[in-house]
Amino acid sequence: MAVPSDSLTQVAPQTEGDQPPLDETRIASRWGILFTRFRRRKLAMFGLGVLVLLFLLAFVGPYLSQWEYTDHDFNAFLQGPSVDHWFGTTQTGGDVYALTLRGMQKSLIIGILVALFSTGLAALVGSFAGYFGGWVDRALMWFVDLLLVLPAFLIIAILSPTFRGKTWLVFVILLAAFLWMVTARIVRGMTISLREREYVLAARYMGVPSHKIIFRHVLPNISSLLIVDATINVSAAVISETGLSYFGFGVQPPDVSLGTLIADGTPAAVTYPWLFGFAAGLLVAIVLAVNLVGDGLRDALDPTSGL
């Protein structure tokens with residue numbers, strides 16, 4: 001009987017140095033699974049859609065109007081919404097539509113920058129403290145505990161007049177400096193558990209420098225926490241900026257933010273509601289949309305969420 005040719009084919013034994021080919025689809029499939037899990041959260045998708053629309057309104061909307069936020073229409077003082085002024089005008093003839101979108105731009109940019117800085121700082125401090133332990137851990141956690149007991153709002157209010165007239169990036173740094181401590185403690189606890197994992201121990205025994213182990217093995221394994229934290233910090237930073245600007249400690253004239261617009265419109269919130277309502281409504285929409293996206297990311301990145 002003839003023997004099938006397939007049976008004569010022998011597979012060469014895999015030598016010790018051979019490695020299986022890297023399946024590049026595994027990384028893509030992981031993010032695909034996460035995106036699929038995120039899409040199943042209807043509220044999260046709704047929040048993402050609202051957030052995209054708000055960004056488009058903030059950065060594309062000004063080009064749809066003939067008015068700049070610095071312009072004044074001396075023929076329309078405290079005029080309600082109309083064809084010429086979609087959101088009405090201020091007591092000096094400023095276009096509320098242009099002012100509101102300019103304020104939303106500033107609030108969104110400040111929120112994103114503060115979230116990136118604070119989450120990045122929390123990741124660095126927490127991972128280094130948890131990985132090295134000893135005096136490094138004690139020194140860093142002592143600094144974290146010190147910042148936790150300090151009244152952040154009061155300190156920023158005291159320091160802000162010193163930087164008045166300087167770039168608004170100083171205000172971003174002040175906000176980010178008091179928004180990372182709790183996350184740093186969480187990252188430290190997760191790093192303490194990760195540093196005893198087999199792949200971390202193997203890298204350490206192979207002589208890989210500690211900072212490379214942290215950036216290659218520790219931080220990527222807590223990236224889900226950092227992504228969610230950065231998302232939530234956007235809304236926290238927007239609220240903090242609005243509150244400080246409302247009391248005159250944040251963004252300074254001639255620039256505007258949602259906080260300054262709400263502060264200017266509060267005395268006339270009943271008589272001239274367009275001065276207050278549009279800025280306040282957009283602030284609420286930003287915070288709610290960001291929180292919905294953050295909740296969706298948390299559930300998508302959590303394998304025990306049941307999605």
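By the 4.5 Å heavy-atom criterion applied to side chains, Asn221 and Tyr199 are counted as neighbours. Proximity of Phe171 to Leu244: side-chain heavy atoms (C-beta onward) are separated by under 4.5 Å at one or more points. Contact of the Ile262 side chain with the Phe276 side chain is registered, since non-hydrogen atoms from C-beta on lie closer than 4.5 Å. A heavy-atom distance below 4.5 Å is not found between the side chains of Leu43 and Asp295. Contact check for His72 versus Asp95: no side-chain heavy atoms found under the 4.5 Å cut-off. By the 4.5 Å heavy-atom criterion applied to side chains, Leu54 and Val50 are counted as neighbours. With contacts defined as side-chain heavy-atom distances shorter than 4.5 Å, the pair Arg204/Leu201 qualifies. Contact check for Val52 versus Phe55: no side-chain heavy atoms found under the 4.5 Å cut-off.
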Given the rule in the side-chain contact (heavy atoms from CB on, under 4.5 Å) test, do Trp180 and Val144 qualify, once you have shown the distances and angles that lead to the verdict?
-> CA-CA 9 Å; Trp180 59 274; Val144 168; 3.7 Å; yes
Between Asp145 and Arg185, is a salt bridge (Lys or Arg N to Asp or Glu O under 4.0 Å) present by the stated rule, with each step listed?
-> CA-CA 9 Å; Asp145 293 337; Arg185 279 200 158 277; 2.8 Å; yes
Applying ring-ring contact (aromatic ring centres under 6.0 Å, His included), run through Trp274 and Phe87 and close with a yes or a no.
-> CA-CA 6 Å; Trp274 59 87; Phe87 287 3; over 10 Å; no
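Between the OG atom of Ser235 and the CG atom of Leu51 there is a distance of 10.5 Å, given to the nearest 0.5 Å. Leu219 contributes atom CG, which lies 10.5 Å from atom CG of Leu225 (distance to the nearest 0.5 angstrom). Rounded to the nearest 0.5 Å, atoms CG (Leu57) and CG (Leu282) are 6.5 Å apart. Rounding to the nearest 0.5 Å gives a distance of 5.0 Å between CE of Met181 and CG of Leu147. Here the CG atom belonging to Asn291 is positioned 10.0 Å from the OG1 atom belonging to Thr231, to the nearest 0.5 angstrom. For the atom pair CG of Asp73 and CG of Asp84, the computed distance is 7.5 Å after rounding to the nearest 0.5 Å.
In the hydrophobic clustering of this structure, Tyr246 does not group with Leu261; members are Ile, Leu, Val, Met, Phe, Trp, Tyr whose side-chain heavy atoms approach within less than 4.5 Å, directly or through other members. One hydrophobic cluster holds both Val234 and Leu292 under the rule that ILVMFWY side chains link at heavy-atom gaps under 4.5 Å. Hydrophobic clustering (ILVMFWY, side-chain heavy atoms < 4.5 Å, transitive): Ile158 and Val149 are in distinct clusters. The same ILVMFWY cluster, assembled from side-chain heavy atoms under 4.5 Å apart, contains both Leu194 and Val187. Cluster annotation: Val290 and Phe59 are assigned to the same hydrophobic cluster (Ile/Leu/Val/Met/Phe/Trp/Tyr, side-chain heavy-atom contacts under 4.5 Å, transitive).
Listed for the Asp71 side chain is no donor-acceptor partner under 3.5 Å among the backbone atoms of Trp67. Side chain of Thr260 to main chain of Ser245: no donor-acceptor pair is present (N/O by atom type, distance under 3.5 Å, no hydrogens or angles). For Arg195 (side chain) and Tyr131 (main-chain N/O), a donor-acceptor pair under 3.5 Å exists by modelled atom type. Formation of a donor-acceptor pair under 3.5 Å by the Thr89 side chain with backbone atoms of Gln79 is found in this model.
Counting non-hydrogen atoms of other residues, nucleotides and ligands closer than 6.0 Å to CD of Gln66 gives a total above 12. Crowding of Phe46 atom CZ: a count of heavy atoms from other residues, nucleotides or ligands under 6.0 Å not exceeding 12. Atom CZ of Phe143 has 12 or fewer heavy atoms from other residues, nucleotides or ligands within 6.0 Å.
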Side-chain donor/acceptor pairs under 3.5 Å, residues 100-129, sequence neighbours excluded:
residue	atom	partner	partner atom	Å
Thr100	OG1	Val96	O	2.6
Arg102	NE	Asp255	OD1	3.2
Arg102	NH2	Asp255	OD1	3.4
Arg102	NH2	Asp255	OD2	3.4
Gln105	NE2	Ala58	O	2.6
Lys106	NZ	Asp255	OD2	3.0
Ser107	OG	Gly103	O	3.1
Ser107	OG	Glu241	OE1	3.1
Ser107	OG	Leu258	N	3.3
Ser118	OG	Val114	O	2.8
Ser118	OG	Ala115	O	3.2
Ser118	OG	Asn233	ND2	3.3
Thr119	OG1	Ala115	O	2.9
Thr119	OG1	Asp229	OD2	3.0
Thr119	OG1	Asn233	ND2	3.3
Ser127	OG	Ala123	O	2.6
Ser127	OG	Leu124	O	3.1

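Taking every heavy atom of both residues into account, Gly130 and Thr191 meet most closely at C-CG2, 3.8 Å. The shortest non-hydrogen separation linking Ala268 to Leu275 is CB-CD1, 4.1 Å. Across all non-hydrogen atoms, the minimal contact from Tyr97 to Ser65 is CE2-CB, 3.6 Å. Across all their heavy atoms, Leu175 and Ala237 have their closest contact at CD1-O, 4.3 Å. In terms of heavy atoms, Pro220 sits closest to Ile214 at CD-O, 4.1 Å.
In this model, no donor atom of one side chain and acceptor atom of the other lie less than 3.5 Å apart for Ser193 and Glu196.
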